[in-house]
Number of protein chains: 2
Amino acid sequence: MSLPRLRRRELPDATIARLPQYIRCLSQLENAGLQTVHSADLAAHVGVSGAVVRRDLSYVGSYGTRGVGYPVSELRDSVNRALGLATEHRMVVVGVGHMGRAIAGYTGFAERGLRVVGLFDVDPELIGAKAGNPALELLEILPLSDLAGFVSAHDVAIAVIATPAEAAQSVADLLVGAGITSILNLSAVHLSVPDSVVVRPVDLATEIQILAVHAAARERK
Amino acid sequence: MSLPRLRRRELPDATIARLPQYIRCLSQLENAGLQTVHSADLAAHVGVSGAVVRRDLSYVGSYGTRGVGYPVSELRDSVNRALGLATEHRMVVVGVGHMGRAIAGYTGFAERGLRVVGLFDVDPELIGAKAGNPALELLEILPLSDLAGFVSAHDVAIAVIATPAEAAQSVADLLVGAGITSILNLSAVHLSVPDSVVVRPVDLATEIQILAVHAAARERK
DNA sequence: AACTGTGAAGTGGTTCACAGCA
DNA sequence: TGCTGTGAACCACTTCACAGTT
C-alpha cells in the first residue's frame with residue numbers, strides 16, 4: 001500500500017474553476033442536513049460528468065468512501081483548503097467604467113476569499129467619488145499616481161485592468177512596477193509583461209464572436 | 001499535388017479568438033502602407049508563436065508565399081471572410097446592471113460584425129430608460145415580457161445573460177423558448193439548456209480565483 | 001451492490017522541426 | 001537564403017471503463 005502522493009499539488013485551471021461550484025452545492029446540501037453526496041449529484045449541479053468530479057476531488061486529496069459517497073462537510077472543508085480560502089486575497093481595479101464598477105460592486109467575492117481594496121482611474125471627474133460593494137465600505141476612486149504606493153502599502157498581488165484598450169499596456173507597466181504579480185486583463189489587447197507576472201485575458205467581445213461564428217456555421221449547414 | 005482540403009472548415013475556438021487580433025494588426029499595417037507581413041510579426045503583436053499564426057492562417061485557407069510572407073490586404077479580407085464579418089449578428093442583453101451596460105455600451109462590436117439590438121430587465125425603475133452605445137442610437141430598456149416577441153421579430157440568435165445568479169436559469173429558459181441558439185452566460189451558475197443551444201460561461205470571479213490560487217502557490221514555494 | 005479512484009485512451013490545441021518553394 | 005505549411009510529437013484536460021473497497 002503506497003502513501004497518497006504528496007508531490008506536486010498543482011490544481012489544473014479547469015479544476016480550480018469548478019471547485020467553487022462544488023462548494024456552493026455542498027453548502028446547500030449541508031444546510032439541508034445531508035451527510036453524504038455522490039459524485040453524480042455534484043456533477044449534475046455543475047453540468048459535468050461524474051468522472052470529472054471524481055478526478056477533481058482526487059486532486060484536492062479528499063477521499064470518499066467506495067460504495068457510499070463523499071462526506072459533505074469534510075469535503076467542503078477540504079475544497080476550501082485546496083482553494084486557500086482561509087487567506088483573503090486583496091485586489092485593485094484600474095478603470096472605473098461600467099466594467100470596473102461591475103467588479104467593484106460584485107457581492108460574491110467574499111465567499112471566494114477575494115476582496116477589492118482599491119479603485120483607480122485617470123478621469124478627474126471620477127477621482128474622489130465612491131464606488132464599490134454597498135454591503136462593505138464604499139471605496140474612494142484614486143488617481144493612477146497613487147497606484148504604486150497603494151499596492152505596496154496594502155500588499156496587493158492581484159489587479160484587474162478594466163480600461164480602454166489604449167491605456168491597458170501602460171497601466172500594466174505601472175502595475176508590474178508596483179509589484180503586482182497577477183493581472184486580469186479585460187481590455188481587448190495583448191499585454192507584454194515579464195515572465196514572473198501572470199496575465200489572464202478575458203475579452204467579452206471575443207467570447208461573443210466565438211458564439212457568432214459557430215452560429216453562422218450551424219445556419220450554413 | 002493534392003488540392004487544398006475542402007472538407008471540414010471548422011475553426012478551433014482558440015483560432016477564432018485570435019483572428020480579430022490579426023485583423024486589427026493587419027489594418028494598422030495596411031494604413032502604414034505595408035504590403036507583406038511575416039507570421040513572426042503578427043505573432044509578436046498577439047503574443048503567440050509564429051507556428052500558431054501559421055496554423056491559424058492555414059485554417060482560413062489564405063496562403064502566403066514561402067520566403068516572403070503574407071500579402072497584407074488579401075490576408076485581411078480572407079480573415080474577415082473566415083469570421084463571417086460580412087453579415088451582422090444581432091444580440092440582446094438581459095440584465096442591465098453594470099455588466100449589462102458595459103456590454104450595451106461597448107464600441108468595439110461593430111468592427112466584429114456584432115450589434116446589440118435589445119436590452120431587457122425586470123426592474124420597473126429601469127424599464128423605459130435608455131442605455132447603450134452613444135455612438136449609435138440609444139436603446140430603450142424593455143420588460144422581460146417583451147423578450148420572446150422581440151427575439152422572433154428581429155431574428156436574434158445570440159443573447160447575453162448579465163443577471164444575478166438567481167434569475168439566470170429562468171432567463172435562459174425564456175431565451176431558449178424564444179428561439180435563441182447561443183448564450184453568453186455571465187452569471188456564476190451553470191445553465192441547463194437543450195443540446196441545440198450553445199452556452200459559453202464567463203465568470204470573472206472564477207478567473208480571478210484562478211489567479212489567486214496560482215499566486216498563493218507561488219508564494220508558498 | 002454501489003460508488004470511488006485511476007490507468008489508459010481520446011480530444012483539442014500547441015510546439016517542434018523540417019521539407020518545400022520563391 | 002528566408003519564410004511558409006504541415007506532419008509528428010507533445011501537453012492538458014476529458015472520457016472511458018473497470019478494478020478496488022465498503
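Convention: sequence-line order gives letters A, B, ...; per-chain numbering from 1.
Side-chain N/O atoms of A/Y70 include one lying less than 4.0 angstrom from OP1 or OP2 on C/dG5. Between A/S39 and the phosphate of C/dT4, there is a side-chain N or O to OP1/OP2 separation shorter than 4.0 Å. At the phosphate of C/dA22, neither OP1 nor OP2 sits under 4.0 Å from any side-chain N or O atom of B/T65.
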Start with the C-alpha distance between B/T15 and B/D56, add both sets of side-chain angles, then the distance that settles side chain to side chain donor-acceptor pair (under 3.5 Å), and finish with yes or no.
CA-CA 6 Å; B/T15 296; B/D56 286 342; 2.7 Å; yes

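By the 30° and 60° cut-offs, the orientation of the rings of A/H154 relative to A/F150 is parallel.
Applying the ring pair (Phe, Tyr, Trp, His ring centres under 6.0 Å) test to residues at least two apart or on different chains, none of the pairs has a partner in residues 157-179 of chain A.
With hydrogens and angles ignored, a donor-acceptor pair closer than 3.5 Å exists between the side chain of B/R55 and the base of C/dT15.
Between the side chain of B/H89 and the main chain of B/R115, no donor-acceptor pair closer than 3.5 Å is present.
In this structure, A/H45 NE2 and A/L26 CG are separated by 9.5 Å, a value rounded to the nearest 0.5 Å.
Comparing A/V37 and B/D56 by the nucleotide of DNA chain C whose heavy atom lies nearest to each, the residue mapping closer to the 5' end is A/V37.
Two residues are said to be in side-chain contact when any heavy atoms from C-beta on lie closer than 4.5 Å; A/T181 and B/E219 fail this criterion.
Within residues 206-215 of chain B, no residue has a heavy atom under 4.0 Å from DNA chain C.
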Show the distances under 3.5 angstrom between N or O atoms of the protein and N or O atoms of nucleotides 18-21 of chain D.
residue	atom	partner	partner atom	Å
D/dG20	N3	A/R66	NH1	3.2

